[in-house]
Enquirer: 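Quick one: the structure is below, questions incoming.
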Amino acid sequence: MIQIRNLCKTFNKNTINEKQVFDKLSLDIEDGDFVTIIGSNGAGKSTLLNMISGSLDKDSGIINIDGKDISDLKEYKRSKFIARVYQDPSFGTSPSMTILENLSMAINKGNRFGLSMGVSKKNIEYFKEILSELSLGLEDQLHTKVSLLSGGQRQALSLIMATIKNPDILLLDEHTAALDPKTSERIIELTGKIVEKKKITTFMITHNLNHAISMGNRLLMMHGGKVVLDIKEDEKKDLNIDKLLSYFEKIQSKDALSDRVIFS
Ligand SMILES: Nc1ncnc2c1ncn2[C@@H]1O[C@H](COP(=O)(O)OP(=O)(O)OP(=O)(O)O)[C@@H](O)[C@H]1O
């Protein structure tokens, strides 16, 4: 279980650019939850994932995972159990290396041995098996440099690399936003399959409301550094775009109302 308690984060403190993103944010996530996160620009979605992954330090607060506070643990230590896929397909892979080398590196992550240890005959067979499930023909291109792959192929590879060692937590930050609609659907489908098979606790930021509704068992809407909507299980199954848009409108009208109060 992930317990976030009283998380505070302000960028550029005591400067003209000071920006408070979180003021005592608290959130509980159950093991195996697949949480989709939506919200306006600047709502704090990426900052939340950055603080869970450790790429950003907290100001104060606690991030407990299975009862242990990890909020002071360095990012590289957290990466043993937290995996991440970014919006840019080039982030998760090494373009100058081959598919085989990338996968070998991923399967060796955290080991003290060089990547050659991962290039065993057994692993090659395993890599071919997982790649063939993608139906992208990558299993026959093990020696192809990743820089020659399309964005969708690279993102599929990034997902496989991120999850090959069965992380406890998977952070997806708009990981299909840079892909064309058809490829985006394929990567979403692959995401669903991997998460279901490996039972990984997953956070997926998306601006695609269809994906936010169709994927996962829980939906969070963030606004101004707060979780303003938290829809779980059965309620989420009943959700549709119209309902979600009406929630958005309510929140925006609340904002307009508070602006009016401030300026009146
Ligand atoms: N490294 C940083 N330095 C200064 N301000 C930052 C930094 N990272 C984020 N912010 C600010 O914090 C706020 C939240 O940003 P964040 O990227 O978390 O929003 P988001 O909900 O992911 O938005 P988007 O949908 O646009 O990606 C924004 O106002 C942003 O400008």
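Both counts, for ligands and for their atoms, begin at 1 and track the order of listing.
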Enquirer: Can you check whether Ile52's main-chain N or O pairs, donor with acceptor, with Arg78's side chain at less than 3.5 Å?
Expert: yes
Enquirer: Using distance alone, with no hydrogens and no angle criterion, decide if Thr163 and Lys198 have a side-chain donor and acceptor under 3.5 Å apart.
Expert: no
Enquirer: Before accepting this row, confirm whether a basic side-chain N of the pair Asp59/Lys13 lies closer than 4.0 Å to the acidic partner's carboxylate O.
Expert: yes
Enquirer: Does Lys9 qualify as a cation-pi partner of Phe11, given the criterion of NZ or CZ under 6.0 Å from the six-membered ring centre and within 45 degrees of its axis?
Expert: yes
Enquirer: Do Arg154 and Asn102 have side-chain N/O donor and acceptor atoms under 3.5 Å apart?
Expert: no
Enquirer: With a 4.0 Å heavy-atom cut-off, what residues sit around ligand 1?
Expert: Phe11, Asn12, Lys19, Val21, Ser40, Asn41, Gly42, Ala43, Gly44, Lys45, Ser46, Thr47, Glu174, His207
Enquirer: Answer yes or no: is there a donor N or O on one side and an acceptor on the other, between the side chain of Asn6 and the main chain of Gly61, under 3.5 Å?
Expert: no
